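All values reported here derive from a predicted model rather than from experimental measurement. Chain letters run A, B, ... following the sequence lines, proteins first, then strands; residues in each count from 1.
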2 protein chains.
Amino acid sequence: MAVTIKDIAKLANVSITTVSRVINNKSEGVSEETRNRILQLVKELGYQPNAIARGLVTKKTKTIGLIIPDISNPFFPDLARGVEDSAHIYGYNVFLCNTDDNLEKESEYINALKEKYVDGIIFTSSSIPKHEHIMELVKSGIPIVIMDRRVDSEDIYGVFLDNYEGGYIATKHLIDLGHKKIGCITGPLYTKSAKERLEGYKKALVENGMDVDERLIFEGDYKINSGIIGTEKLLGNNENITAIFACNDLMAYGAYKTIRSYGYKIPDDISIVGFDDIQLSQILEPQLTTIKQPAYDMGLTAARMLIKLVEGKKLKKKIINFKPQLIIRQSTKNIG
Amino acid sequence: MAVTIKDIAKLANVSITTVSRVINNKSEGVSEETRNRILQLVKELGYQPNAIARGLVTKKTKTIGLIIPDISNPFFPDLARGVEDSAHIYGYNVFLCNTDDNLEKESEYINALKEKYVDGIIFTSSSIPKHEHIMELVKSGIPIVIMDRRVDSEDIYGVFLDNYEGGYIATKHLIDLGHKKIGCITGPLYTKSAKERLEGYKKALVENGMDVDERLIFEGDYKINSGIIGTEKLLGNNENITAIFACNDLMAYGAYKTIRSYGYKIPDDISIVGFDDIQLSQILEPQLTTIKQPAYDMGLTAARMLIKLVEGKKLKKKIINFKPQLIIRQSTKNIG
DNA sequence: ATGAAAGCGCTAACAA
DNA sequence: TTGTTAGCGCTTTCAT
């Protein structure tokens with residue numbers, strides 16, 4: 001059996017209340033002397049507070065849940081690291097939950113986290129069309145910060161990226177480079193992020209007097225394979241495309257593969273812009289020009305917001321929007 | 001306030017004991033009728049057991065800790081996913097902890113996890129020379145499974161990869177391809193994994209009648225940059241190297257960069273073998289030949305072992321060794 | 001088949 | 001400055 005507050009109390013000849021006081025640094029009303037005596041015993045016996053017992057009475061567990069689709073998807077490790085770093089700074093631990101964007105798993109995790117009395121939840125769900133779970137969570141009163149996936153509701157806290165702007169600057173970059181026929185491989189269009197990136201693409205086109213040609217748009221699913229297939233389609237329909245905007249880096253990698261298998265060169269024959277800027281985009285040859293989404297910072301920020309929320313502090317903003325940033329590397333070329 | 005067992009008891013006109021019984025399926029000794037009445041109320045009121053309260057009395061939390069150096073390191077997401085999937089199947093949640101191989105952070109996490117009464121810990125520490133923490137944990141009686149980093153002690157449970165064998169087959173592959181001058185960029189040599197891979201390299205050389213030339217060995221640190229520098233050194237000393245064994249994929253990527261900047265071609269001028277087989281190694285151009293370390297399966301296995309341990313089941317083996325596997329792709333070439 | 005009571009380790013009024 | 005007491009929500013003997 002581990003050492004308890006009771007053991008310390010007995011040995012120090014004080015009540016458990018007093019011990020509790022010094023352990024929690026509520027030491028007003030504890031004499032310097034007893035205080036030291038207790039601290040000494042704590043050290044000697046290697047006393048560690050039982051967080052479970054504490055949680056039972058305080059209803060706070062210093063624990064948060066992080067619900068994401070899949071930590072194996074290269075976008076999420078950085079995000080998770082940001083969340084965890086932030087949590088660690090404030091003395092919280094984080095539960096990692098992978099849902100695969102599966103409604104049932106989401107439910108299971110939400111229930112488990114509630115039963116374990118996490119203080120709050122960071123919720124990311126990139127491709128679920130409905131957001132029942134989110135609203136349910138919000139109503140249940142547990143603090144929650146939404147990431148990545150915009151939800152339209154007044155009483156929601158969230159950390160988002162301006163995907164519309166991202167799609168716009170990606171396409172604008174290509175237009176500025178003199179490209180006229182620009183293909184687009186989108187994410188799954190029932191997600192807001194994918195829709196917004198596509199809208200940004202369209203806006204850039206229209207704003208520059210170009211037509212939106214549906215034959216140049218292919219709906220992917222953010223996975224490598226759809227980048228491969230999408231590019232085959234795009235290359236196959238004889239539209240003489242000179243550039244592709246892949247709505248995430250993984251699909252851009254797929255595009256690389258197809259383009260090479262067709263014997264074309266990047267960026268000489270085809271320019272490519274990706275989205276996310278995951279770590280390996282700088283290692284690819286040629287290095288991928290892409291739209292950077294600051295995953296680590298977003299994770300850091302989300303956790304910080306959540307913890308402030310949990311601790312009852314005022315937040316300046318309910319929503320924090322991150323700006324995407326164009327990172328020009330070697331996969332795009334001026335053909336002006 | 002959430003619904004408690006007490007509320008249910010009152011409404012069902014039974015004692016809390018009875019409610020507890022049906023909730024925990026210890027239903028022998030509960031009549032079908034009261035059982036149904038209770039279940040009905042549970043559903044109606046949306047009762048959720050309070051895991052904290054339960055944990056306080058049972059000393060079990062259905063929670064495990066996963067301590068790794070850094071989830072952003074591409075080797076770990078797959079491992080973490082394996083751990084989490086396994087845990088989820090058995091009804092456990094997992095705390096993610098990133099230590100950066102920093103002793104102090106390791107200590108902090110271990111303490112926090114103990115205070116939160118996790119049922120067990122999976123511990124990975126790729127580059128800490130000492131293992132005080134591990135032994136401390138083992139002594140403290142909390143079930144623990146070590147991963148990746150071999151520890152010499154009888155009473156330890158672990159999941160490991162045979163790094164020696166891995167280093168051997170990587171080098172052997174190169175030798176079989178006719179290479180005579182094979183450089184090696186190692187991991188940090190105070191880690192066992194790095195040492196073993198290097199030993200495997202040496203064994204293959206010796207076994208094939210070749211000399212071990214220290215000038216062909218460069219000590220890296222498993223990060224991209226040391227792959228870059230190591231390759232510069234190796235290429236710079238005029239030894240006419242025709243192949244490099246990079247002891248992890250990240251360093252192999254670094255080697256790619258340097259080799260290209262020297263104007264050499266892979267695999268025509270230099271062949272490369274990596275280690276790990278992280279996801280992006282198949283996307284690189286040319287695709288990387290490497291030694292596959294089954295991270296996901298290792299995570300799956302470690303969590304399964306740990307949970308069996310926690311639940312007092314017998315384990316057939318205390319140590320499970322995974323075999324590395326040579327994945328031949330496009331970065332190695334026969335120059336026989 | 002069911003219930004009463006103790007207690008897990010701690011915090012938080014309230015007293016003294 | 002310190003202690004007494006109740007109680008968080010649950011499981012678990014031990015009775016009945």
Side-chain angles (χ1 to χ4, degrees), chain A residues 1-39 41-42 45-63 91 111-112 114-119 311, chain B residues 1-39 41-42 45-63 91 111-112 114-119 311:
Chain A
M1 272 297 100
V3 186
T4 73
I5 213 180
K6 220 163 152 185
D7 302 324
I8 306 272
K10 194 174 294 173
L11 291 171
N13 268 315
V14 293
S15 73
I16 58 170
T17 312
T18 304
V19 179
S20 173
R21 279 191 187 107
V22 350
I23 283 166
N24 294 292
N25 273 321
K26 300 192 170 154
S27 302
E28 344 132 334
V30 179
S31 74
E32 191 64 16
E33 188 215 314
T34 51
R35 195 163 172 284
N36 287 139
R37 187 153 31 104
I38 290 169
L39 253 21
L41 282 166
V42 164
L45 306 188
Y47 168 78
Q48 289 194 289
N50 179 328
I52 301 294
R54 183 180 280 167
L56 183 57
V57 14
T58 61
K59 303 288 179 229
K60 290 274 171 274
T61 54
K62 287 273 187 179
T63 294
N111 279 330
K114 275 179 166 175
E115 292 185 358
K116 285 179 179 165
Y117 274 76
V118 297
D119 296 333
E311 300 188 343
Chain B
M1 273 296 102
V3 186
T4 73
I5 213 179
K6 219 165 155 184
D7 302 325
I8 306 272
K10 195 174 292 172
L11 291 171
N13 269 314
V14 293
S15 72
I16 58 170
T17 312
T18 304
V19 178
S20 173
R21 280 191 186 105
V22 350
I23 283 167
N24 294 292
N25 274 321
K26 300 191 171 155
S27 302
E28 345 130 331
V30 180
S31 74
E32 192 63 18
E33 189 216 315
T34 51
R35 195 164 171 284
N36 286 139
R37 189 153 30 104
I38 290 168
L39 252 22
L41 282 166
V42 164
L45 307 188
Y47 168 77
Q48 289 194 290
N50 180 328
I52 301 294
R54 181 178 282 167
L56 184 56
V57 14
T58 62
K59 303 287 179 231
K60 290 274 172 274
T61 55
K62 288 270 185 182
T63 294
N111 278 331
K114 274 178 165 176
E115 293 185 358
K116 287 180 178 163
Y117 274 76
V118 297
D119 295 332
E311 300 187 343

message: If you go through the side-chain atoms of B:Thr18, does one of them form a donor-acceptor pair with the base of C:dA1 closer than 3.5 Å?
response: no
field: N/O donor-acceptor pair, side chain A:Thr17 with base C:dT11, under 3.5 angstrom
entry: no
Determine yes or no for a side-chain-to-main-chain donor-acceptor pair under 3.5 angstrom, with [X] supplying the side chain and [Y] the backbone.
{"X": "A:Asn24", "Y": "A:Ser20", "result": "yes"}
{"X": "A:Arg37", "Y": "A:Ala12", "result": "yes"}
{"X": "A:Thr63", "Y": "A:Thr61", "result": "yes"}

Measure the distance from [atom1] on [X] to [atom2] on [N] and round it to the nearest whole Å.
{"X": "A:Ile8", "N": "C:dC10", "atom1": "CD1", "atom2": "C1'", "result": "13 Å"}
{"X": "B:Lys6", "N": "C:dG3", "atom1": "NZ", "atom2": "C1'", "result": "15 Å"}
{"X": "B:Lys10", "N": "D:dG9", "atom1": "NZ", "atom2": "C1'", "result": "14 Å"}
{"X": "B:Lys62", "N": "D:dT11", "atom1": "NZ", "atom2": "P", "result": "13 Å"}
{"X": "B:Lys60", "N": "D:dT12", "atom1": "NZ", "atom2": "P", "result": "12 Å"}
{"X": "A:Asn25", "N": "C:dT11", "atom1": "CG", "atom2": "P", "result": "12 Å"}
{"X": "B:Arg21", "N": "C:dG3", "atom1": "CZ", "atom2": "P", "result": "9 Å"}
{"X": "B:Leu56", "N": "D:dT12", "atom1": "CG", "atom2": "P", "result": "12 Å"}

What does [X] touch in the nucleic acid at a heavy-atom separation under 4.0 angstrom: a base, only the sugar-phosphate, or nothing?
{"X": "A:Thr4", "result": "sugar-phosphate"}
{"X": "A:Tyr47", "result": "sugar-phosphate"}
{"X": "A:Ile52", "result": "nothing"}
{"X": "A:Asp7", "result": "nothing"}

message: Evaluate A:Asn50 against A:Arg54 for side chain to side chain contact (heavy atoms under 4.5 Å, CB included), listing each step before the verdict.
response: CA-CA 6 Å; A:Asn50 179 328; A:Arg54 183 180 280 167; over 6 Å; no
Can you check whether [X] has a side-chain N or O nearer than 4.0 Å to OP1 or OP2 of [N]?
{"X": "B:Lys26", "N": "D:dT12", "result": "yes"}
{"X": "B:Asn24", "N": "D:dT11", "result": "yes"}
{"X": "A:Lys59", "N": "D:dG9", "result": "yes"}

message: Return whichever of A:Ile16 or A:Thr34 has its heavy-atom-nearest nucleotide of DNA chain D closer to the 5' end.
response: A:Thr34
message: Side chain of A:Ser20, heavy atoms from C-beta onward: which of C:dT11, D:dT12, D:dT1 has the nearest atom to it?
response: C:dT11
message: Measuring from the side chain of B:Ile5 (C-beta onward, heavy atoms only), which nucleotide among D:dT2, C:dG3, D:dC10 has the closest atom?
response: D:dC10
query: What do the steps show when you test A:Leu11 against A:Leu45 for side chain to side chain contact (heavy atoms under 4.5 Å, CB included), and what is the final call?
result: CA-CA 11 Å; A:Leu11 291 171; A:Leu45 306 188; 3.6 Å; yes
Earlier contact from the 5' end, DNA chain C, for B:Tyr117 and B:Asn13: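 In this pair, the answer is B:Asn13.
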task: By nearest nucleotide on DNA chain C, pick out whichever of B:Ser15 and A:Val57 is the more 5' one.
output: B:Ser15
query: How about A:Lys59: does its NZ atom have over 12 heavy atoms from other parts shown lying under 6.0 Å from it?
result: yes
